[in-house]
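For reference, the structure discussed in these notes is given below.
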Amino acid sequence: MEMMPVKIVLLGPPGAGKGTQAKSISNRYSIPHISTGDIFRKNISEETPLGIQAKQYIDNGQLVPDEVTINTVKDRLTWEDCKNGYLLDGFPRTVAQAEALQEFLVSRNENLDTALCIEVPSSFILERMTGRRVCGSCGASYHVKFNPTKVEGTCDVCGEHEFFQREDDKPETVKRRLDVNIAQGEPIIAHYREL
Ligand code: AMP
């Protein structure tokens with residue numbers, strides 16, 4: 001079935017479940033799921049110049065600088081697979097990023113279809129994030145309490161047994177990430193309300 005191109009941004013605090021929702025939305029519309037966090041993590045594991053630069057910020061719970069992030073996303077959005085639209089997860093995270101995205105779209109005579117915000121109270125987020133575990137082999141994401149593997153210690157997706165906690169999911173870092181999100185998140189929601 002031919003689908004209309006659909007361009008979505010998914011907003012919400014870290015730990016709200018954006019990644020999980022993003023996967024099902026991108027399957028539903030056959031559009032790529034573009035997560036800036038995933039792009040940075042891939043570059044970190046491959047030790048690319050972008051990864052080396054991003055790592056120092058990410059491990060501290062800080063945002064990667066706008067210029068770096070914006071250029072990374074703009075580059076990604078020109079790939080062939082974005083012709084049918086895309087879902088952005090974790091971008092924009094600052095008003096400058098939202099404005100840069102808007103300028104990029106306008107320059108291509110395109111527009112966004114939807115900005116979707118997932119709201120979760122901060123009190124739930126700490127438990128959600130500090131309980132997250134990631135498969136060291138395929139990157140599948142679980143939660144020790146809310147979304148455990150079917151067989152304990154075995155990844156549902158690839159069957160491997162090594163899991164790790166993201167450095168930025170440790171409690172102190174999560175608190176910092178939530179503070180950053182409160183400061184930066186509200187103006188972005190206001191920006192999209194206006195649009
Ligand atoms: P995430 O997996 O979306 O929670 O992102 C993990 C980390 O990557 C964040 O805590 C930031 O340090 C960095 N990051 C991801 N997206 C952005 C963005 N749009 N702007 C700046 N930093 C970002």
Side-chain angles (χ1 to χ4, degrees), residues 7-23 25-26 32-77 86-105 112 115-120 122 124-135 138-143 147 164-189 191-192:
K7 301 187 187 71
I8 303 172
V9 300
L10 196 54
L11 307 171
K18 292 193 296 296
T20 307
Q21 297 305 324
K23 282 192 183 66
I25 296 170
S26 73
H33 165 204
I34 300 174
S35 152
T36 39
D38 285 350
I39 294 174
F40 290 141
R41 279 184 289 278
K42 182 160 189 287
N43 278 274
I44 289 171
S45 74
E46 291 170 357
E47 297 181 2
T48 68
L50 172 65
I52 291 163
Q53 202 179 2
K55 185 175 164 55
Q56 51 183 327
Y57 298 97
I58 293 179
D59 284 353
N60 278 317
Q62 294 170 312
L63 292 181
V64 176
D66 279 336
E67 203 196 327
V68 177
T69 307
I70 290 166
N71 286 334
T72 302
V73 171
K74 276 189 185 168
D75 175 70
R76 180 63 185 84
L77 295 184
Y86 42 80
L87 182 149
L88 283 167
D89 163 16
F91 182 94
R93 265 196 171 79
T94 65
V95 170
Q97 292 177 12
E99 286 170 349
L101 175 62
Q102 196 55 27
E103 263 170 43
F104 174 84
L105 289 164
L112 213 58
L116 202 63
C117 182
I118 304 181
E119 291 183 345
V120 180
S122 301
F124 293 144
I125 289 178
L126 196 62
E127 188 182 17
R128 291 175 58 111
M129 292 181 79
T130 54
R132 175 157 59 187
R133 297 292 180 276
V134 180
C135 172
C138 74
S141 186
Y142 300 93
H143 190 283
N147 178 29
F164 67 94
Q165 181 175 40
R166 274 168 49 177
E167 197 56 42
D168 58 349
D169 280 345
K170 306 218 158 129
E172 276 317 301
T173 318
V174 169
K175 287 191 189 123
R176 206 168 312 135
R177 290 172 72 190
L178 286 174
D179 289 343
V180 169
N181 178 70
I182 289 163
Q184 310 265 11
E186 287 302 324
I188 296 173
I189 292 169
H191 170 90
Y192 283 115

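We count ligands from 1, going down the list as the structure has it; atoms in each ligand are counted the same way.
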Please identify each residue that fulfils side-chain hydrogen bond (donor to acceptor under 3.5 Å, both in side chains) with Asp169, with sequence neighbours left out.
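In terms of side-chain hydrogen bond (donor to acceptor under 3.5 Å, both in side chains), with neighbours along the sequence ignored, Asp169 is linked to Arg132, Arg177.
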
Given side-chain contact (heavy atoms from CB on, under 4.5 Å), test Lys7 with Leu105 step by step and report yes or no.
CA-CA 10 Å; Lys7 301 187 187 71; Leu105 289 164; 4.0 Å; yes

For a quick test of reading the model, state the closest non-hydrogen atom pair linking Arg76 to Pro32 and the distance between them.
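Looks like NH2-CB, 3.8 Å.
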
Shortest non-hydrogen contact from Ile52 toward Glu47
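So the two residues come closest at CD1-O, 3.7 Å.
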
As a test of reading the model: which N/O atoms of the protein lie under 3.5 Å from N/O atoms of ligand 1, and at what distance?
unit_1: ligand 1; atom_1: 2 (O); unit_2: Arg41; atom_2: NH1; d: 2.9
unit_1: ligand 1; atom_1: 2 (O); unit_2: Arg41; atom_2: NH2; d: 3.0
unit_1: ligand 1; atom_1: 2 (O); unit_2: Arg166; atom_2: NH2; d: 3.2
unit_1: ligand 1; atom_1: 3 (O); unit_2: Arg93; atom_2: NH1; d: 3.3
unit_1: ligand 1; atom_1: 3 (O); unit_2: Arg93; atom_2: NH2; d: 3.1
unit_1: ligand 1; atom_1: 4 (O); unit_2: Arg93; atom_2: NH2; d: 3.1
unit_1: ligand 1; atom_1: 4 (O); unit_2: Arg177; atom_2: NH2; d: 2.5
unit_1: ligand 1; atom_1: 10 (O); unit_2: Arg177; atom_2: NE; d: 3.4
unit_1: ligand 1; atom_1: 12 (O); unit_2: Gln62; atom_2: O; d: 2.6
unit_1: ligand 1; atom_1: 16 (N); unit_2: Thr36; atom_2: OG1; d: 2.7
unit_1: ligand 1; atom_1: 16 (N); unit_2: Gly90; atom_2: O; d: 3.3
unit_1: ligand 1; atom_1: 16 (N); unit_2: Arg93; atom_2: NH1; d: 2.8
unit_1: ligand 1; atom_1: 19 (N); unit_2: Gly90; atom_2: O; d: 2.9
unit_1: ligand 1; atom_1: 19 (N); unit_2: Gln97; atom_2: OE1; d: 3.0
unit_1: ligand 1; atom_1: 20 (N); unit_2: Gln97; atom_2: NE2; d: 2.9
unit_1: ligand 1; atom_1: 22 (N); unit_2: Val64; atom_2: N; d: 3.0

Could you list the donor-acceptor pairs under 3.5 angstrom formed between side-chain atoms of residues 65-73 and any protein atom two or more places apart in sequence or on another chain?
unit_1: Asp66; atom_1: OD1; unit_2: Thr94; atom_2: OG1; d: 2.9
unit_1: Asp66; atom_1: OD1; unit_2: Gln97; atom_2: NE2; d: 2.9
unit_1: Asp66; atom_1: OD2; unit_2: Thr94; atom_2: OG1; d: 3.4
unit_1: Thr69; atom_1: OG1; unit_2: Val64; atom_2: O; d: 3.3
unit_1: Thr69; atom_1: OG1; unit_2: Pro65; atom_2: O; d: 3.0
unit_1: Asn71; atom_1: ND2; unit_2: Glu67; atom_2: O; d: 3.2
unit_1: Thr72; atom_1: OG1; unit_2: Val68; atom_2: O; d: 2.7

By ring pair (Phe, Tyr, Trp, His ring centres under 6.0 Å), which residues pair with His33, not counting sequence neighbours?
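Listed in chain order: nothing, the list is empty.
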
